[in-house]
Amino acid sequence: MDNEPIVKEYSREYQDQVIELILTIQQAEYNIPITKGDQPDLMAIEDFYQTGNGNFWVAVYNDKVIGTISLLDIGNRQVALRKMFVGSKYRGAAFNTAKMLLNHALCWAKEKSVKEVYLGTTPQFLAAHRFYEKNGFEHMNQNELPKNFPVMAVDKKFYRYGVD
(Lines give C-alpha, C1' and ligand atoms only; values in the text may rest on other atoms or scores of the structure.)
Protein backbone atom coordinates (compact mmCIF):
# COMPACT_ATOMS: atom_id res chain seq x y z
CA MET A 1 0.00 0.00 0.00
CA ASP A 2 1.34 3.44 -0.97
CA ASN A 3 1.88 6.03 1.74
CA GLU A 4 1.34 9.09 -0.39
CA PRO A 5 -0.10 9.97 -3.79
CA ILE A 6 2.17 9.85 -6.81
CA VAL A 7 1.81 11.93 -9.96
CA LYS A 8 1.90 10.04 -13.25
CA GLU A 9 1.53 11.07 -16.85
CA TYR A 10 -1.95 10.16 -18.08
CA SER A 11 -2.44 6.95 -20.00
CA ARG A 12 -5.68 5.46 -21.33
CA GLU A 13 -5.94 2.96 -18.46
CA TYR A 14 -7.00 5.89 -16.25
CA GLN A 15 -9.71 7.31 -18.55
CA ASP A 16 -12.78 5.91 -16.75
CA GLN A 17 -11.48 6.94 -13.33
CA VAL A 18 -10.60 10.43 -14.60
CA ILE A 19 -14.09 10.94 -16.03
CA GLU A 20 -15.75 9.62 -12.87
CA LEU A 21 -13.64 11.84 -10.58
CA ILE A 22 -14.22 15.02 -12.61
CA LEU A 23 -17.96 14.50 -13.12
CA THR A 24 -18.50 13.64 -9.45
CA ILE A 25 -16.80 16.86 -8.34
CA GLN A 26 -18.56 19.01 -10.96
CA GLN A 27 -22.05 17.54 -10.58
CA ALA A 28 -22.41 16.14 -7.06
CA GLU A 29 -20.14 18.47 -5.12
CA TYR A 30 -20.65 21.79 -6.92
CA ASN A 31 -24.01 21.21 -8.68
CA ILE A 32 -22.61 22.39 -12.00
CA PRO A 33 -24.95 21.19 -14.76
CA ILE A 34 -22.23 19.73 -16.98
CA THR A 35 -22.07 16.28 -18.54
CA LYS A 36 -19.46 14.05 -20.10
CA GLY A 37 -20.92 15.09 -23.47
CA ASP A 38 -20.17 18.73 -22.67
CA GLN A 39 -16.47 17.81 -22.24
CA PRO A 40 -15.36 15.95 -25.39
CA ASP A 41 -11.74 16.53 -24.34
CA LEU A 42 -12.23 13.84 -21.67
CA MET A 43 -12.85 11.25 -24.37
CA ALA A 44 -9.65 12.19 -26.25
CA ILE A 45 -7.15 13.23 -23.58
CA GLU A 46 -4.08 12.10 -25.54
CA ASP A 47 -5.08 13.96 -28.72
CA PHE A 48 -6.38 17.04 -26.93
CA TYR A 49 -3.85 17.61 -24.15
CA GLN A 50 -0.75 15.50 -24.79
CA THR A 51 0.55 17.50 -27.75
CA GLY A 52 3.11 20.29 -28.12
CA ASN A 53 3.84 21.83 -24.71
CA GLY A 54 0.70 20.28 -23.24
CA ASN A 55 0.20 17.23 -21.08
CA PHE A 56 -2.23 15.62 -18.64
CA TRP A 57 -1.36 14.05 -15.29
CA VAL A 58 -3.14 12.01 -12.65
CA ALA A 59 -2.46 11.73 -8.94
CA VAL A 60 -2.76 8.09 -7.95
CA TYR A 61 -3.14 6.73 -4.42
CA ASN A 62 -3.43 2.98 -3.85
CA ASP A 63 -4.10 2.44 -7.59
CA LYS A 64 -6.97 4.96 -7.55
CA VAL A 65 -7.05 8.27 -9.43
CA ILE A 66 -7.59 10.96 -6.79
CA GLY A 67 -6.63 14.05 -8.78
CA THR A 68 -6.03 15.46 -12.25
CA ILE A 69 -4.33 18.44 -13.88
CA SER A 70 -3.53 19.34 -17.46
CA LEU A 71 -1.78 21.96 -19.52
CA LEU A 72 -3.23 22.75 -22.94
CA ASP A 73 -0.76 24.20 -25.44
CA ILE A 74 -2.32 27.41 -26.81
CA GLY A 75 0.74 28.56 -28.79
CA ASN A 76 3.12 31.47 -28.22
CA ARG A 77 4.85 29.53 -25.42
CA GLN A 78 1.64 29.82 -23.41
CA VAL A 79 -0.52 27.09 -21.89
CA ALA A 80 -3.94 26.90 -20.31
CA LEU A 81 -4.17 25.05 -17.00
CA ARG A 82 -7.27 22.85 -17.21
CA LYS A 83 -8.96 19.95 -15.44
CA MET A 84 -7.46 20.58 -12.00
CA PHE A 85 -9.56 18.36 -9.76
CA VAL A 86 -8.81 16.61 -6.48
CA GLY A 87 -11.21 14.22 -4.75
CA SER A 88 -12.63 15.73 -1.55
CA LYS A 89 -10.97 13.17 0.75
CA TYR A 90 -7.55 13.98 -0.70
CA ARG A 91 -7.55 17.78 -0.41
CA GLY A 92 -5.56 19.77 2.10
CA ALA A 93 -2.26 19.31 3.87
CA ALA A 94 -2.69 15.64 4.82
CA PHE A 95 -2.16 14.48 1.22
CA ASN A 96 -0.98 17.71 -0.45
CA THR A 97 -2.37 16.33 -3.73
CA ALA A 98 -3.21 19.67 -5.37
CA LYS A 99 0.21 21.12 -4.60
CA MET A 100 1.95 18.01 -5.96
CA LEU A 101 -0.08 18.17 -9.18
CA LEU A 102 0.47 21.90 -9.64
CA ASN A 103 4.22 21.65 -8.96
CA HIS A 104 4.49 18.81 -11.46
CA ALA A 105 2.69 20.82 -14.15
CA LEU A 106 4.69 24.01 -13.49
CA CYS A 107 8.01 22.09 -13.61
CA TRP A 108 6.91 20.60 -16.95
CA ALA A 109 6.04 24.09 -18.23
CA LYS A 110 9.45 25.41 -17.20
CA GLU A 111 11.25 22.47 -18.88
CA LYS A 112 9.29 23.19 -22.07
CA SER A 113 10.25 26.89 -21.95
CA VAL A 114 6.63 27.94 -21.51
CA LYS A 115 6.42 31.63 -20.54
CA GLU A 116 2.88 31.91 -19.13
CA VAL A 117 0.20 29.68 -17.65
CA TYR A 118 -3.39 30.94 -17.76
CA LEU A 119 -6.49 29.50 -16.20
CA GLY A 120 -10.17 30.17 -15.88
CA THR A 121 -12.33 28.93 -13.03
CA THR A 122 -15.86 29.21 -11.74
CA PRO A 123 -16.97 31.63 -9.00
CA GLN A 124 -18.03 28.67 -6.79
CA PHE A 125 -14.51 27.24 -6.48
CA LEU A 126 -13.47 29.57 -3.64
CA ALA A 127 -10.89 27.17 -2.21
CA ALA A 128 -9.36 26.90 -5.68
CA HIS A 129 -9.08 30.70 -5.92
CA ARG A 130 -7.19 30.80 -2.61
CA PHE A 131 -4.99 27.88 -3.70
CA TYR A 132 -3.99 29.53 -7.00
CA GLU A 133 -3.33 32.89 -5.34
CA LYS A 134 -1.22 31.25 -2.61
CA ASN A 135 0.81 29.53 -5.34
CA GLY A 136 1.76 32.65 -7.28
CA PHE A 137 -1.13 33.04 -9.73
CA GLU A 138 -2.32 36.61 -10.24
CA HIS A 139 -5.97 37.46 -10.77
CA MET A 140 -6.68 39.11 -14.11
CA ASN A 141 -9.62 40.37 -16.14
CA GLN A 142 -11.04 38.26 -18.94
CA ASN A 143 -10.24 40.98 -21.51
CA GLU A 144 -6.52 40.65 -20.62
CA LEU A 145 -6.36 36.97 -21.65
CA PRO A 146 -4.42 36.08 -24.79
CA LYS A 147 -6.69 35.78 -27.85
CA ASN A 148 -5.81 32.08 -28.12
CA PHE A 149 -7.06 31.24 -24.59
CA PRO A 150 -10.09 28.90 -24.76
CA VAL A 151 -12.65 30.46 -22.40
CA MET A 152 -15.15 27.92 -21.04
CA ALA A 153 -18.76 29.07 -20.55
CA VAL A 154 -18.62 28.41 -16.78
CA ASP A 155 -15.36 30.33 -16.28
CA LYS A 156 -15.78 33.81 -14.82
CA LYS A 157 -12.54 34.25 -12.84
CA PHE A 158 -9.12 34.20 -14.53
CA TYR A 159 -5.50 33.90 -13.44
CA ARG A 160 -2.02 34.19 -14.90
CA TYR A 161 1.27 32.66 -13.76
CA GLY A 162 4.62 33.79 -15.18
CA VAL A 163 7.00 30.86 -15.58
CA ASP A 164 10.67 31.67 -14.95
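All figures in this text were calculated on a predicted structure; none of them were measured in a lab. Side-chain atoms are counted along with the backbone in the values below, which use heavy atoms only and exclude waters and symmetry mates.
- Judged by the 6.0 Å distance and 45° axis criteria, K112 is positioned over the aromatic ring of W108.
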Under 3.5 Å, which donor-acceptor pairs do the side chains of residues 6-23 form with other protein atoms, sequence neighbours left out?
from	atom 1	to	atom 2	distance (Å)
K8	NZ	Y14	OH	3.1
E9	OE1	N55	ND2	3.2
S11	OG	E13	OE2	3.1
R12	NE	E46	OE2	3.4
R12	NH2	E46	OE1	3.4
R12	NH2	E46	OE2	3.4
Q15	NE2	L42	O	3.0
Q15	NE2	M43	O	3.4
Q17	OE1	V65	N	2.7

Which pairs of donor and acceptor atoms, one on a side chain in residues 145-161, lie under 3.5 Å apart (sequence neighbours left out)?
from	atom 1	to	atom 2	distance (Å)
N148	ND2	I74	O	2.3
K156	NZ	A153	O	2.9
Y159	OH	E133	OE2	2.6
R160	NE	E116	OE2	3.1
R160	NH2	E116	OE2	3.2

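- Between the side chain of Q27 and the backbone N or O of I34, at least one donor-acceptor pair lies under 3.5 Å.
- Proximity of F56 to L71: side-chain heavy atoms (C-beta onward) are nowhere separated by under 4.5 Å.
- Pairing each heavy atom of V117 with each of A109, the nearest pair is CG2-CB, 4.4 Å.
- Counting only heavy atoms from C-beta outward, the side chains of D41 and Y49 approach each other to under 4.5 Å.
- The salt bridge (Lys or Arg N to Asp or Glu O under 4.0 Å) analysis of residues 65-76, with sequence neighbours excluded, yields no pairs.
- The ring pair (Phe, Tyr, Trp, His ring centres under 6.0 Å) test applied to H104 returns W57, not counting sequence neighbours.
- Residues passing the side-chain hydrogen bond (donor to acceptor under 3.5 Å, both in side chains) test with Y132: none are found, sequence neighbours excluded.
- Considering T121, T122, L126 in turn, T122 is the only one that fulfils the side-chain contact (heavy atoms from CB on, under 4.5 Å) rule with Q124.
- For D38, the side-chain hydrogen bond (donor to acceptor under 3.5 Å, both in side chains) partners two or more places apart in sequence, or in a different chain, are T35.
- Partners of F85 under the ring pair (Phe, Tyr, Trp, His ring centres under 6.0 Å) rule, at least two apart in sequence or in another chain, do not exist in this structure.
- Counting heavy atoms from C-beta outward, E4 and F95 have side chains that stay 4.5 Å or more apart.
- Sorted by first then second residue, the side chain to side chain donor-acceptor pair (under 3.5 Å) pairs that include residues 83-95, not counting sequence neighbours, are E29-R91, Q39-K83.
- Screening residues 47-61 for salt bridge (Lys or Arg N to Asp or Glu O under 4.0 Å) gives no qualifying pairs among residues at least two apart or on separate chains.
- For the pair S70 (side chain) and R82 (backbone), a donor-acceptor distance under 3.5 Å is present.
- Taking N135 as the reference, K99, L102, F131 meet the side chain to side chain contact (heavy atoms under 4.5 Å, CB included) condition, with sequence neighbours excluded.
- In this structure N96 satisfies the side-chain hydrogen bond (donor to acceptor under 3.5 Å, both in side chains) test with no other residue, sequence neighbours excluded.
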